[in-house]
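Scroll down for the structure; my scribbles are underneath it.
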There are 2 protein chains.
Amino acid sequence: MGENDKLTEERIFDAATDVFLDKGMDGARMQDIADRATINKALLHYYYRTKDKLFNAVFEKIAGKLFSKFAPVFSENLSLEEKIRFFFREHITFLQQNPRLPAFILNEINRNPARMRKILNNIDINKLWSVLEEQHHDELVRYNITKESIPQIMTTIAAISVFPFAARGLLEAIFEKMNITFDSYIEERKVFAADFVIKALTK
Amino acid sequence: MGENDKLTEERIFDAATDVFLDKGMDGARMQDIADRATINKALLHYYYRTKDKLFNAVFEKIAGKLFSKFAPVFSENLSLEEKIRFFFREHITFLQQNPRLPAFILNEINRNPARMRKILNNIDINKLWSVLEEQHHDELVRYNITKESIPQIMTTIAAISVFPFAARGLLEAIFEKMNITFDSYIEERKVFAADFVIKALTK
DNA sequence: AATAGGATAAACCAAATAGTTTAACCAAAA
DNA sequence: TTTTGGTTAAACTATTTGGTTTATCCTATT
């Protein structure tokens, strides 16, 4: 019954995603995952033999989702400034819908850096620079963006987008005292972030 | 023998800090901590009755250390621009010496937000704005910094400083392929970050 | 000399947990 | 009708782990 099959496997995968996102690899319990998928432990192990295999499947899917959001920057036909605005709008909106991803990824990356290296092996980092230079040569000159400054700029952009979600628990506690909500702060951030970065880059 | 006493308690505390920083609350093992302190488990429990109490002690110390680094911004007698430069230089240098703190704090905050709230209760967030406005009224106007924009600006500054360390495992993997080291990137960042923020804020 | 308390080794306990096994159920396919 | 394979409940194993207990040792203080 290949139909029902997929349903169950998917239910397991979704339940596992949910539990791992909440508790991390160490804190997650196989029984929890089975419960959340409303199956029993035997069946859980029947589909994913070990906790490790299950976790790896979940982690790779999540990491893929998170990083794939960076791709349009290299494909969309927009000016550099438009791309920056586009990126923050899209990426932050994505994180709004998947707010637990950043903390999860950052935590598991530090627990097991090898896992990350394996995923990154599929990406040719150096090629990205060539593509960027090809598409935006004039703008790069105008903004004074060099190959050397790329690491600083890119990590700054990532930081501005990702950090609020990674530090969500902390920020919510602070914002509570200032009478502002995390949600409105995030909504504002989509344009604040773009303005801020463009301003900083403009000569 | 109060002397030796303190030595042991400190050895335990340091060992616990080390293990918790590496493995987190869930991943840490009491036996590991005892081993690293070169004492036995009985004595470990003799000093800190439970894993939870030990963890809380470690967490509060670490959180205190991390946040205390934000304080000089309100005490040093410098212009706003100088303060921004001062902050990034000092804070990033501190993180260079304690690179595992950010990932640890962010992770544990999300696992147990209540713990953070308790610590933040000792800080009067709203007062900080008054102090800032008192000390830098003219500059705030000049830079177009309002009470409303403070959350965006402050979290951006924190993000730029903290994120590289929280994402260290990821960045190291990427930088490897670009033939640059995390250390040189961080060294650069002390001034890049300040320049970037000041540029973004200047009208 | 006696005592108190830090320190140890080692065995122990109870609970949690990953993973396995077994026997039985049921529906769809052969 | 038989077989196959997804599915279940439940008991079970082996190991890990937080925490306790006990008996013993050592040393500084009384």
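Lettering of chains follows the sequences in order, A, B, ..., and the numbering in each one begins at 1.
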- Task: Establish, with yes or no, whether the OP1 or OP2 oxygen of D:dT7 is under 4.0 angstrom from a side-chain nitrogen or oxygen of A:Tyr47.
- Result: yes
- Which parts of nucleotides 12-20 of chain D does protein reach within less than 4.0 Å, heavy atoms only, written one letter per nucleotide 5' to 3' as B for base, S for sugar-phosphate only and - for none? -----SBBB
- Item | Residues forming a ring-ring contact (aromatic ring centres under 6.0 Å, His included) with B:Phe192, sequence neighbours excluded | B:Phe196
- For B:Thr202, all residues meeting side chain to side chain donor-acceptor pair (under 3.5 Å), sequence neighbours excluded: none
- Message: Without decimals, in angstroms, what is the distance between B:Asn40 CG and C:dA11 P?
- Response: 13 Å
- Given atom CG of A:Leu43 and atom P of C:dT21, what is their separation to the nearest angstrom? 16 Å
- Message: Suppose the criterion is ring-ring contact (aromatic ring centres under 6.0 Å, His included): which pairs have a residue in residues 148-172 of chain B, not counting sequence neighbours?
- Response: B:Phe165-B:Phe182
- CG of B:Leu44 versus C1' of C:dT8: gap in Å, rounded? 14 Å
- Pair listing, ring-ring contact (aromatic ring centres under 6.0 Å, His included) test, anchored in residues 71-92 of chain A, at least two apart: A:Phe70-A:Phe87, A:Phe70-A:His91, A:Phe87-A:His91
- Message: Could you work out, with side chain to side chain donor-acceptor pair (under 3.5 Å) as the rule, every residue matching B:Asp26, not counting sequence neighbours?
- Response: none
- B:Lys190 atom NZ, neighbour heavy-atom count above 12 within 6.0 Å: yes
- Message: Please report the distance, rounded to the nearest Å, between CG in B:Asp35 and P in C:dT8.
- Response: 12 Å
- Message: Without decimals, in angstroms, what is the distance between A:Ile12 CD1 and D:dT7 C1'?
- Response: 11 Å
